Amino acid sequence: MKGFKPSAPFLLLLPAIIVLAAVVVLPLILSLYSSFTPFRLTRPETFFVFVGFRNYLSILSNADFWWAFGRTVLLLTIALNLEMLLGLGLAMLVEKATRGQRILRTLMMFPMMFSPILVGFQFKFMFNDNIGLVNNALQSLGITQDAIPWLIEGHLAFIAISIAEIWSSTSIFAILILAGLLAMPKEPLEAARVDGCTPWQTFRYVTWPFVMPFAYIAMTIRSLDVARAYDIVKIMTDGGPAGRTELLWTLVGRTAYSDARMGLANAMAYFSILLSIAFTVYFYNKLAAARAQIGAEW
């Protein structure tokens with residue numbers, strides 16, 4: 001170290017580097033190491049017992065993990081597609097508004113202001129089978145006579161969770177797609193009208209290719225959120241009934257803290273990260289292809 005003189009920018013960044021290393025890098029290293037141990041919270045000495053890939057191999061034969069994995073992929077697929085369709089519709093409606101567009105944009109962002117925990121409590125109350133707003137509305141309209149057990153029956157509980165996720169995050173798609181619509185030049189739209197294109201043809205071949213990159217950006221962001229969904233599921237159903245709404249990260253939390261099997265839980269967590277990486281890479285490639293198409297056509 002003799003003669004080493006750190007530069008001024010390095011010295012200025014050093015406190016931030018130390019903090020990041022302490023709160024991000026070090027916990028990641030410890031959690032990765034513990035995934036190769038039989039570490040239990042109730043037996044601290046097991047943290048120093050190295051078992052190699054035993055936790056990862058046990059995951060491959062764990063039916064509960066694969067059921068949670070499948071439910072997470074299903075929720076991700078349903079939520080992303082419906083959020084994109086609803087967000088696209090909202091964005092196009094707001095873009096067509098001639099008055100009060102700023103107010104509409106503010107209202108559109110309203111669901112984003114709620115924390116996931118608050119959204120979970122909100123929809124847990126709405127789907128309550130006795131005093132919930134949904135059942136009261138359905139019974140008042142004469143659609144059903146008996147209360148529907150939304151959070152007790154497995155398939156209905158999954159639908160309720162999906163609705164909560166979609167409500168809370170559709171605005172992300174709407175805002176990003178609206179940004180694309182507002183940034184879109186008007187000349188191609190006018191040329192399409194002059195050429196006699198129908199509204200559907202104008203949307204399909206002119207508008208949609210331009211806003212596709214914005215939709216893929218939203219999908220990339222939301223895929224990371226849904227792949228690690230925890231708060232809403234934990235509050236609404238806690239993975240029940242009988243584990244039928246258990247997702248990857250609720251299973252990780254249950255394994256780590258309820259079962260005290262921290263080593264196995266960390267192995268599940270790192271295995272689950274592969275899902276997030278896969279969807280991120282997929283949507284990033286789609287984003288790059290959409291941007292290349294715009295560059296070639298426009």
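What you see is a predicted model; the values in this text were computed from it and never measured. Note that these values count all heavy atoms, side chains included, but never hydrogens, waters or copies made by symmetry.
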Worksheet item: What pairs with Asp225 under salt bridge (charged side-chain N to carboxylate O under 4.0 Å, His left out), at least two apart in sequence or on another chain?
Response: Arg222, Arg228
Worksheet item: Is there a path of hydrophobic side-chain contacts, each under 4.5 Å between heavy atoms of I, L, V, M, F, W or Y residues, that connects Val51 with Tyr56?
Response: no
Discussion item. Looking at Asn55 and Ser35, would you say the former's side chain and the latter's main chain have a donor-acceptor pair under 3.5 Å?
Written reply: yes
Worksheet item: Considering all heavy atoms of both residues, which atom of Asn136 and which atom of Asn130 are nearest to each other, and what is their separation?
Response: OD1-O, 4.2 Å
Practice prompt. Can you sort out the partners of Ala164 under side chain to side chain contact (heavy atoms under 4.5 Å, CB included), two or more places apart, ordered by chain and number?
Written response: Val119, Phe123, Ile232, Met236
Side-chain donor-acceptor distances from residues 59-68 under 3.5 Å, at least two apart:
unit_1 : atom_1 : unit_2 : atom_2 : d
Ser61  : OG     : Ser58  : O      : 3.2
Asn62  : OD1    : Asp64  : N      : 3.0
Asn62  : OD1    : Phe65  : N      : 3.3
Trp66  : NE1    : Ile59  : O      : 3.3
Trp66  : NE1    : Leu60  : O      : 3.0

Discussion item. If I compare all heavy atoms of Ala91 with all of Ala174, which pair ends up nearest, and what's the gap?
Written reply: CB-O, 3.5 Å
Worksheet item: Between CG of Leu85 and CG of Leu80, what distance do you get to the nearest 0.5 Å?
Response: 11.0 Å
Worksheet entry | Backbone N/O of Glu165 and side chain of Ser168: donor-acceptor pair under 3.5 Å | yes
Worksheet item: When clusters are formed by joining ILVMFWY residues with side-chain heavy atoms under 4.5 Å apart, either directly or through shared neighbours, do Phe121 and Trp150 land in the same one?
Response: no
Worksheet entry | Considering all heavy atoms, the nearest Met262-Ala256 contact | SD-CB, 3.8 Å
Discussion item. Taking salt bridge (charged side-chain N to carboxylate O under 4.0 Å, His left out) as the definition, give me every residue that meets it alongside Lys234, ordered by chain and number, with sequence neighbours left out.
Written reply: Asp238
Worksheet item: Can you tell me how far the CD atom of Gln139 sits from the CD1 atom of Ile148, to the nearest 0.5 Å?
Response: 8.0 Å
Fill in: Derivation of the side-chain contact (heavy atoms from CB on, under 4.5 Å) call for Leu88 and Trp208
CA-CA 10 Å; Leu88 176 63; Trp208 178 241; 4.2 Å; yes
Fill in: Where Gly87 and Phe173 come nearest, the two heavy atoms and their spacing
CA-CB, 4.1 Å
Practice prompt. Please indicate whether Phe125 has more than 12 foreign heavy atoms, meaning atoms of other residues, nucleotides or ligands, lying under 6.0 Å from its CZ.
Written response: yes
Discussion item. Treating Arg244 as the side-chain partner and His155 as the backbone partner, does any N or O pair qualify as donor plus acceptor under 3.5 Å?
Written reply: no
Worksheet item: side-chain hydrogen bond (donor to acceptor under 3.5 Å, both in side chains) with Glu153: which residues, sequence neighbours excluded?
Response: none
Worksheet item: Which pair of non-hydrogen atoms, one from Ser34 and one from Asn266, has the smallest distance, and what is that distance?
Response: OG-ND2, 2.5 Å
Worksheet item: Is Ile78 linked to Val233 within one hydrophobic cluster, defined over Ile, Leu, Val, Met, Phe, Trp and Tyr using a side-chain heavy-atom separation of less than 4.5 Å?
Response: yes
Practice prompt. Supply the atom-to-atom distance Trp167 CH2 to Leu86 CG, rounded to the nearest 0.5 angstrom.
Written response: 13.5 Å
Fill in: Any pair counted as side chain to side chain donor-acceptor pair (under 3.5 Å), so long as it reaches residues 209-221, sequence neighbours left out
none
Item to complete: Run through the side-chain heavy atoms of Ile, Leu, Val, Met, Phe, Trp and Tyr, join any pair under 4.5 Å, and report what else lands in Val25's cluster.
Response: Ile29
Worksheet, complete the sentence: For Phe47, the ring-ring contact (aromatic ring centres under 6.0 Å, His included) test, sequence neighbours excluded, returns Tyr33, Phe39
Discussion item. Nearest 0.5 Å, please: how far is OG in Ser7 from CG in Leu12?
Written reply: 8.5 Å
Worksheet item: If you measure from CG on Leu41 to CZ on Arg261, what distance do you get to the nearest 0.5 Å?
Response: 12.0 Å
Fill in: Side chain to side chain, Pro38 and Arg43, heavy atoms closer than 4.5 Å
no
Discussion item. Is there a side-chain contact (heavy atoms from CB on, under 4.5 Å) between Asn128 and Asn135? Walk through the geometry before answering.
Written reply: CA-CA 8 Å; Asn128 185 279; Asn135 274 336; over 6 Å; no
Worksheet entry | Over all atoms of both residues, closest heavy-atom pair of Leu181 and Thr207 | CD2-CG2, 3.5 Å
Return all side-chain donor-acceptor pairs below 3.5 angstrom for residues 100-118, not counting sequence neighbours, or 'none' if the list is empty.
unit_1 : atom_1 : unit_2 : atom_2 : d
Gln101 : OE1    : Arg105 : NH1    : 2.9
Gln101 : NE2    : Val94  : O      : 3.1
Gln101 : NE2    : Ala97  : O      : 3.4
Thr106 : OG1    : Arg102 : O      : 3.0
Ser115 : OG     : Leu118 : N      : 3.3

Fill in: From NZ (Lys286) to CE (Met219), nearest 0.5 Å
10.0 Å
Show me the donor-acceptor pairs, under 3.5 Å and distance only, between side chains in residues 186-199 and residues at least two apart or in other chains.
unit_1 : atom_1 : unit_2 : atom_2 : d
Lys186 : NZ     : Glu95  : OE2    : 3.4
Thr198 : OG1    : Gln201 : N      : 3.2
Thr198 : OG1    : Gln201 : OE1    : 3.4

Worksheet, complete the sentence: side chain to side chain contact (heavy atoms under 4.5 Å, CB included) filter on Ile18, not counting sequence neighbours, yields Leu14
Worksheet item: Between Ile161 and Ile163, is there a shared hydrophobic cluster once you connect ILVMFWY residues whose side-chain heavy atoms come closer than 4.5 Å?
Response: yes
Worksheet entry | Whether over 12 other heavy atoms sit under 6.0 Å from Gln145 CD | no
Item to complete: Look only at the side chain of Thr37 and the backbone of Phe50, and say whether a donor-acceptor pair between them is shorter than 3.5 Å.
Response: no
Discussion item. Can you list everything that forms a side chain to side chain contact (heavy atoms under 4.5 Å, CB included) with Ser140? Sequence neighbours excluded, please.
Written reply: none
Practice prompt. For Val252 and Trp249, run side-chain contact (heavy atoms from CB on, under 4.5 Å): C-alpha distance rounded to whole Å, both residues' side-chain angles, the deciding distance at 0.1 Å, then the answer.
Written response: CA-CA 5 Å; Val252 170; Trp249 287 98; 4.1 Å; yes
Discussion item. Under 4.5 Å between side-chain heavy atoms, counting indirect links through other Ile/Leu/Val/Met/Phe/Trp/Tyr residues: same cluster for Ile235 and Met126 or not?
Written reply: no
